[in-house]
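Following: one structure in structure tokens, then a few remarks.
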Amino acid sequence: MYKIMTPGPTQVLENVRRARSLACTNPDLDESFYDFYKETCTLISRLLKTGNETLILGGEGILGLEAACASLTEPGDKVLVLDNGIYGRGFADFVTMYGGVPELYHADCRNTLDVAALSDYLKEHHDYAYATVVHCDTPSGVLNDIGSICPLLKQYGILTVVDSVSGMFGEEVRVDDFKIDLLCGGSQKAVSAPPGLTFVVVSDDAKEKIKTRKTPIASFYANLAVFEGYYEKKWFPYTMPISDIYGLRAAFDNIAADKDLYARHKRIGTATRAALGEAGLRLHLDSGFSDTVTVFDVPRGATADAILKRMKDRHGILLAGSFDELAGKVIRIGHMGTNASFENMLATMEALSETLTHFGVPLEGNLADLFLKHYRPTVSE
Ligand SMILES: *Cc1c(COP(=O)(O)O)cnc(C)c1O
């Protein structure tokens with residue numbers, strides 16, 4: 001068994017695994033399952049600080065993104081796609097697929113999106129049906145300030161679709177304060193349940209736009225409107241993956257009970273970045289560091305594949321490389337959800353120090369020592 005330290009999927013606690021093995025009922029016919037589903041959705045909404053409705057969909061994180069675009073996009077709609085990362089620009093594909101016209105707003109991929117520059121741009125260009133933005137663009141780890149970006153877009157009446165699959169529950173998301181219309185999450189990142197589920201939090205404005213469409217939604221599985229009235233009608237559009245949802249609920253109960261959630265991610269993220277930096281490694285980003293993932297450039301003398309292989313084979317720890325234009329160029333340490341513990345990070349730093357030293361990468365000190373030096377424990381630790 002490897003210690004999973006990737007930016008998703010993440011480590012799954014035993015109580016979540018056990019919840020997935022509970023006895024199954026027929027989720028279409030047993031009315032108590034409708035209550036369980038709805039209570040779980042309400043819990044997710046509460047944890048995301050909103051009264052907006054959450055819908056859990058049976059499919060991976062990608063389904064949530066596609067469902068948001070499929071449900072909102074009408075043929076010919078102009079959509080602003082904020083792009084400072086691989087997932088950011090990826091939204092353009094979903095927009096196009098459902099007949100929309102994406103307009104990409106390119107920004108520097110090594111920095112958090114410049115909100116002032118976007119504000120200037122919007123003064124001249126604001127004729128959009130909606131906009132898409134990624135909270136934490138996981139391949140580079142860049143974190144965008146959705147708390148400023150979404151209210152700014154909303155001033156122009158532009159609805160927002162936010163992908164916070166790898167941000168939420170490691171970085172705080174307050175849906176109402178941030179004025180987010182469609183927020184997409186997934187089970188396998190900071191939530192720390194196994195892959196397989198996505199959830200979408202839907203505002204009244206988004207519901208209104210969906211309801212007043214002139215054209216039908218060109219999908220069934222990615223159609224958020226098919227959930228309309230499911231609870232009253234006791235009818236799901238398709239059979240819900242009951243065991244996955246039992247596990248998801250246990251994972252959210254863990255999150256609800258964790259008073260230290262955001263502070264813990266902050267402590268781990270801060271100490272990890274400080275340790276790598278002081279050791280002389282190059283953090284991939286100049287700004288916009290997420291407390292869910294740390295990304296560093298592959299140092300001279302080593303290759304991403306060799307580092308990942310030694311971490312896995314010698315130390316039993318899974319780190320991640322990246323993809324597209326970042327393939328082979330960076331290493332990613334996922335410290336989100338259950339991964340984000342002092343013990344996990346200390347072991348990872350110790351192993352990474354050995355691995356890099358093995359490949360002749362000069363380090364200004366042992367990474368685990370540097371991590372300890374920069375780690376600010378709370379009183380209870
Ligand atoms: C993981 C992730 C997703 C979902 O991707 P899957 O392939 O379904 O896991 C979506 N957006 C971001 C930013 C992610 O990190």
Side-chain angles (χ1 to χ4, degrees), residues 4-12 44 48 55-70 81-95 97 107 109 112-113 131-146 149-150 160-171 173 178 180 182-201 221-222 241 244 247-248 251 265 269 284-285 288-295 318-327 330-340:
I4 299 170
M5 292 299 288
T6 49
T10 53
Q11 297 173 24
V12 177
I44 298 172
L48 292 167
L55 295 169
I56 301 166
L57 314 182
E60 253 296 307
I62 291 294
L63 173 65
L65 313 187
E66 179 163 353
C69 293
V81 174
L82 301 182
D83 161 27
N84 64 336
I86 292 168
Y87 278 99
R89 82 191 57 122
F91 264 116
D93 295 339
F94 291 129
V95 171
M97 219 174 275
C109 289
T112 190
L113 199 100
T132 63
V133 55
V134 178
H135 187 200
C136 172
D137 209 308
T138 331
S140 70
V142 73
L143 186 76
N144 289 318
D145 180 8
I146 54 173
I149 294 168
C150 297
T160 52
V161 171
V162 174
D163 169 358
S164 183
V165 173
S166 71
M168 58 168 65
F169 304 112
E171 292 283 345
V173 179
F178 295 180
I180 300 169
L182 282 173
L183 173 69
C184 306
S187 55
Q188 85 281 27
K189 305 281 167 84
V191 177
S192 291
L197 292 176
T198 183
F199 43 94
V200 183
V201 188
Y221 199 52
D244 289 349
L248 187 76
H265 281 84
H284 181 69
L285 299 171
F289 300 102
S290 172
D291 287 325
T292 56
V293 56
T294 293
V295 184
L318 286 187
L319 297 183
S322 197
F323 44 90
D324 286 5
E325 68 263 23
L326 292 177
V330 298
I331 300 284
R332 299 184 296 158
I333 307 169
H335 38 75
M336 58 180 82
T338 305
N339 296 13

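Start at 1 with the first residue, then count along the sequence. Start at 1 and go down the list; that is how both ligands and their atoms are numbered. Source: prediction; values computed, not measured.
- The distance from the CD1 atom of I56 to the CD1 atom of I44 is 4.0 Å, given to the nearest 0.5 Å.
- Of the inter-residue distances, the one linking S166 atom OG with H135 atom NE2 reads 8.5 Å to the nearest 0.5 angstrom.
- Under the 30°/60° scheme for interplanar angles, the aromatic rings of F199 and F169 are found to be tilted.
- With hydrogens and angles left out, the side-chain atoms of T10 and T338 include no donor and acceptor closer than 3.5 Å.
- Residues S140 and L285 are in side-chain contact: their nearest non-hydrogen atoms beyond the backbone lie under 4.5 Å apart.
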Could you pull out the N/O contacts under 3.5 angstrom between ligand 1 and the surrounding protein atoms?
unit_1: ligand 1; atom_1: 8 (O); unit_2: E60; atom_2: OE1; d: 2.3
unit_1: ligand 1; atom_1: 8 (O); unit_2: G61; atom_2: N; d: 3.3
unit_1: ligand 1; atom_1: 8 (O); unit_2: I62; atom_2: N; d: 3.2
unit_1: ligand 1; atom_1: 9 (O); unit_2: E60; atom_2: OE1; d: 2.7
unit_1: ligand 1; atom_1: 9 (O); unit_2: Q188; atom_2: NE2; d: 2.5
unit_1: ligand 1; atom_1: 11 (N); unit_2: D163; atom_2: OD1; d: 3.3
unit_1: ligand 1; atom_1: 11 (N); unit_2: D163; atom_2: OD2; d: 2.6
unit_1: ligand 1; atom_1: 15 (O); unit_2: T138; atom_2: OG1; d: 2.3
unit_1: ligand 1; atom_1: 15 (O); unit_2: K189; atom_2: NZ; d: 2.7

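- Counting heavy atoms from C-beta outward, F91 and D163 have side chains that approach closer than 4.5 Å.
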